[in-house]
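Structure provided below as structure tokens; questions to follow.
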Amino acid sequence: MGGRPPSSRVMALLVALLPLVALAGVTAKHPDKGSQERSFVIDYDNNQFLKDGRPFRYVSGSIHYFRVLPSEWRDRLRKMRMAGFNALQTYVEWASHEPEYGMYDFSGMRNLTHFLTIAQEEDLVVILRLGPYMDAERDMGGFPYWLLNKNPDMRLRSSDPTYLKYVDIWFRDVLLPIVKPLLYENGGPIIMLQVENEYGSYPDCDFAYTSHLRDLVVAGVGKGPVLFTTDGDGKNYLKCGKIPEVYATVDFGSGTNAIKAFEIMRLFEPRGPLVNSEYYPGWLDHWGVPHNTVKAEVVAKTLDVMLALNASVNMYMFHGGTSFGFTAGSNLGNRFQACPTSYDYDAPLSEAGDPTEKYWVLRNVTGKYLPLPPGEVPPASPKFGYGKVSLAPTGSVFQMADLLQKVTNKWPLTFEELLVPNGIVVYQTVLPFRIADPARLTLGDIHDRGYVFVDTEFAGMVSREQDMYDLAIYARPNQTITIVVESQGRICFGSQINDFKGITTNVTLSDHTLEGWTMTPLPITHTSRLQNALTRLHSWAVAQNIPPLGLLGTNKGGMTFFSGSFQVPGDSSHPRDTFLRLDGWNKGVAWVNNFCLGRYWPEVGPQVTLYVPRGVLHQGTNTLVLLEQEAAPCLTPDTCHATLQETHIINGPTPL
Ligand SMILES: *[C@@H]1O[C@H](CO)[C@@H](O)[C@H](O)[C@H]1NC(C)=O
Ligand SMILES: *[C@@H]1O[C@H](CO)[C@@H](O)[C@H](O)[C@H]1NC(C)=O
Ligand SMILES: *[C@@H]1O[C@H](CO)[C@@H](O)[C@H](O)[C@H]1NC(C)=O
Ligand SMILES: *[C@@H]1O[C@H](CO)[C@@H](O)[C@H](O)[C@H]1NC(C)=O
Ligand SMILES: *[C@@H]1O[C@H](CO)[C@@H](O)[C@H](O)[C@H]1NC(C)=O
């Protein structure tokens, strides 16, 4: 208000509006308290948090904005609030916001401010995990791939100056200025900021790095917000993960003895609130490995134990969502293991955002400690099976590659050298000499999956997942050796997150190094470029009058783009969520209306169907595009189809 006293009419209007403002949860002031301060601090004396001077404990849930369509954000957040949860936790994904160096994106699904504002409107405070690294089973743990182009020898997550240079720009100039007005003290929802993530699990133990991050954050947003770290519940993790002056918390799942785990935290934080920053209601999946589940009763029991100890708990994940597009990461255990598109996580809300049985069981536990908001829990969204979608080939990977720009080099270049974020690159070389019969083709450390062709003949595969890097081929001079290389997602955890993709070593044929390579990136990670390439491919095929079977990349229908359309009825109950089922198809990528749903691979499971959110559909004609890498049921037109069904299958059969 200005200096002039408001007229009584204006006052009346203000009074009428006040309850509305309060309901929306955006009031910045607490006039009932003597102080107008919004504050959130640690009360070390009483082992608790204080919010506006009053004891506060959170039961929080993780929902990643980058895994849920913006049209569904409010629905998912409200469902979480209705389970009695009073806080949201999310990572910030650097790669989402700076997909190419210096190109920033905070629009649509990347609109962090929008997401956090909705959380505040839904009466949730926010615990923000700034990164720069996160893991989260995302490509490169959330790092932008181009870091590896700037300096291939960059030591990520360390005080390597060539790395810090980009972290500094990202934090100081871009992220922290967005975060600052959203802090609780500034009227926003953010009460806590996490620095790095499970740093104690990274071998470097570089305190100069983590202290630098802390100082960067304080310089950017001030000393107001509570800073914290998260580490596994082991002494050695905390030893390297703890940062001076930053509150150390732990993470563990339902199988852990919570009392013992918090004893470990107490070694590093003798006083202050107990916090489990990642309590797992389920677990992540890998392609080819049975779907992980955790029993609701077991999750409820340990949650009850923690809450009875007055601990603050974040459930990771409350709603996992989907790694749309090419955003899923991989793990490196004994072997390389790629994560599927679904991030269901056996969480309280399913991948499609529906309350599960676990939701109700956990809501009962939360309700013992925190008030459950009045009103009904929003119901599961209605689903629909739109049925059979007939598909037809639109051209092969090789035909498309012929129309695209190429890069030539004496030796093979990695995706990072080519500035290709993800997807597929076609590598080709012409055999200049006579070679043994058969010859051993060795692809060193292929990242991650290579399909080998001699001229147009499929000759076999190499696979990082299966530790298979060479094969016997028969080739004559002047034949073209083509290797179609797929990135299955960069490693997201551990010491080898500098995971270059493509052909990362020289290629030999019976010990002779192959030179003179042509590389053609497929434009599948950029929707508009893909559309453009598919249009050109179609025009070319029409002009050449190619018969349908001539558009197949292999005689099984592999290495081929397919497209088709389906109808969504015009009545107001549509569009609805649906699930794409691909019986008879092997492995590839699917798009609906130019939105990339992600990778499919029903052959190995456990994920059989892909989630198609209603937000990507519209009434009338919708399009489906597939890139099938291996085999399609399309040798006759009447078997060439996919299905949109009402139910999701993420626990399908997997190989032995
Ligand atoms: C983010 O969302 C807000 C609405 O909450 C909007 O005002 C803003 O323009 C959006 N930002 C971008 C980059 O689209
Ligand atoms: C939890 O907090 C309440 C209220 O401050 C207190 O009475 C109780 O002793 C605490 N319980 C534990 C296990 O610390
Ligand atoms: C939740 O608690 C209520 C009341 O005790 C009980 O009737 C209901 O069965 C419980 N629900 C679940 C899913 O445990
Ligand atoms: C390969 O092709 C080139 C050009 O067509 C030809 O000159 C050469 O003799 C061929 N080499 C072999 C070994 O057949
Ligand atoms: C391939 O071999 C050449 C010549 O020996 C060498 O200069 C180059 O570094 C090698 N490339 C890789 C990726 O090993």
Side-chain angles (χ1 to χ4, degrees), residues 59 79-80 82-85 148-149 151-154 254 281-282 293-305 307-308 315 318 346-350 354-377 379-380 407-418 420 425 427-437 439 441-448 450 454-455 462 464 469-470 473-481 483 485 487 496 498-519:
V59 178
K79 283 171 179 159
M80 184 161 79
M82 292 304 290
F85 284 50
L148 298 176
N149 173 280
N151 174 13
D153 298 321
M154 179 181 290
S254 55
T293 58
V294 180
K295 280 202 164 53
E297 292 67 31
V298 177
V299 181
K301 200 168 154 217
T302 304
L303 179 64
D304 206 350
V305 170
L307 296 184
M315 192 163 290
F318 191 86
D346 199 29
L349 293 179
S350 71
D354 300 332
T356 62
E357 194 216 323
K358 191 173 280 175
Y359 177 94
W360 297 104
V361 172
L362 296 178
R363 183 174 185 267
N364 269 2
V365 179
T366 319
K368 284 170 65 179
Y369 300 92
L370 291 175
L372 295 174
E376 294 286 308
V377 173
V407 178
T408 55
N409 195 58
K410 195 166 181 186
W411 322 110
L413 298 172
T414 62
F415 280 32
E416 291 71 20
E417 285 168 317
L418 293 164
V420 172
V425 173
Y427 290 80
Q428 293 180 302
T429 186
V430 175
L431 185 61
F433 39 64
R434 209 167 263 279
I435 196 74
D437 170 16
L441 180 71
T442 302
L443 279 143
D445 209 5
I446 188 105
H447 293 180
D448 302 296
V454 177
D455 284 344
V462 285
R464 188 184 189 186
Y469 297 108
D470 54 8
I473 64 168
Y474 175 59
R476 282 168 300 175
N478 275 355
Q479 284 198 300
T480 299
I481 296 173
I483 305 152
V485 183
S487 159
Q496 293 179 60
N498 53 343
D499 185 16
F500 296 88
K501 291 305 185 187
I503 299 181
T504 63
T505 60
N506 277 318
V507 178
T508 62
L509 193 57
S510 293
D511 297 331
H512 299 275
T513 300
L514 296 178
E515 297 177 4
W517 289 86
T518 299
M519 286 144 287

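Every number for a ligand or one of its atoms is a count from 1 in the order of the listing.
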For Asp448, side-chain hydrogen bond (donor to acceptor under 3.5 Å, both in side chains) partners two or more places apart:
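With sequence neighbours excluded, Asp448 shows a side-chain hydrogen bond (donor to acceptor under 3.5 Å, both in side chains) to Arg464, Lys501, given in chain and number order.
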Apply side chain to side chain contact (heavy atoms under 4.5 Å, CB included) to the pair Thr429 and Val507, showing each step before the final yes or no.
CA-CA 10 Å; Thr429 186; Val507 178; over 6 Å; no
Okay, side chain of Asp470, backbone of Leu441: is any donor-acceptor separation there less than 3.5 Å?
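Not at all, since once roles are kept as given, no pair shorter than 3.5 Å links the two residues.
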Once the angle between the rings of Phe415 and Tyr427 is folded into 0 to 90°, is it parallel (under 30°), tilted (30 to 60°) or perpendicular (over 60°)?
parallel
Whether the side chain of Lys79 engages the backbone of Leu349 through a donor-acceptor N/O pair (distance < 3.5 Å, no angle test) should be reported.
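Between the backbone of Leu349 and the side chain of Lys79 there is no qualifying donor-acceptor contact (under 3.5 Å).
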Hey, which atoms in ligand 5 end up nearer than 4.0 Å to a heavy atom of Thr504?
13 (C)
If the cut-off is 4.0 Å to any non-hydrogen atom of Asn478, which atoms of ligand 4 fall inside it?
1 (C), 2 (O), 3 (C), 8 (C), 10 (C), 11 (N), 12 (C), 14 (O)
I need the atoms of ligand 5 closer than 4.0 Å to a non-hydrogen atom of Asn506, numbered in the order shown.
1 (C), 2 (O), 3 (C), 8 (C), 10 (C), 11 (N), 12 (C), 14 (O)
Please identify which atoms of ligand 4 are closer than 4.0 Å to at least one heavy atom of Pro477.
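Listed by number with element: 13 (C).
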Pairs of nitrogen or oxygen atoms, one from ligand 3 and one from the protein, closer than 3.5 Å: please tabulate them with distances.
unit_1   : atom_1 : unit_2 : atom_2 : d
ligand 3 : 2 (O)  : Asn364 : OD1    : 3.2
ligand 3 : 2 (O)  : Asn364 : ND2    : 2.2
ligand 3 : 11 (N) : Asn364 : ND2    : 2.9
ligand 3 : 14 (O) : Asn364 : ND2    : 3.3

So, do Val425 and Leu413 sit near enough that their side-chain heavy atoms are less than 4.5 Å apart?
no
Atom CD of Glu297 with >12 non-hydrogen neighbours under 6.0 angstrom
yes
The test is side-chain hydrogen bond (donor to acceptor under 3.5 Å, both in side chains); show your working for Tyr369 and Asp304 and say whether it passes.
CA-CA 9 Å; Tyr369 300 92; Asp304 206 350; 2.4 Å; yes
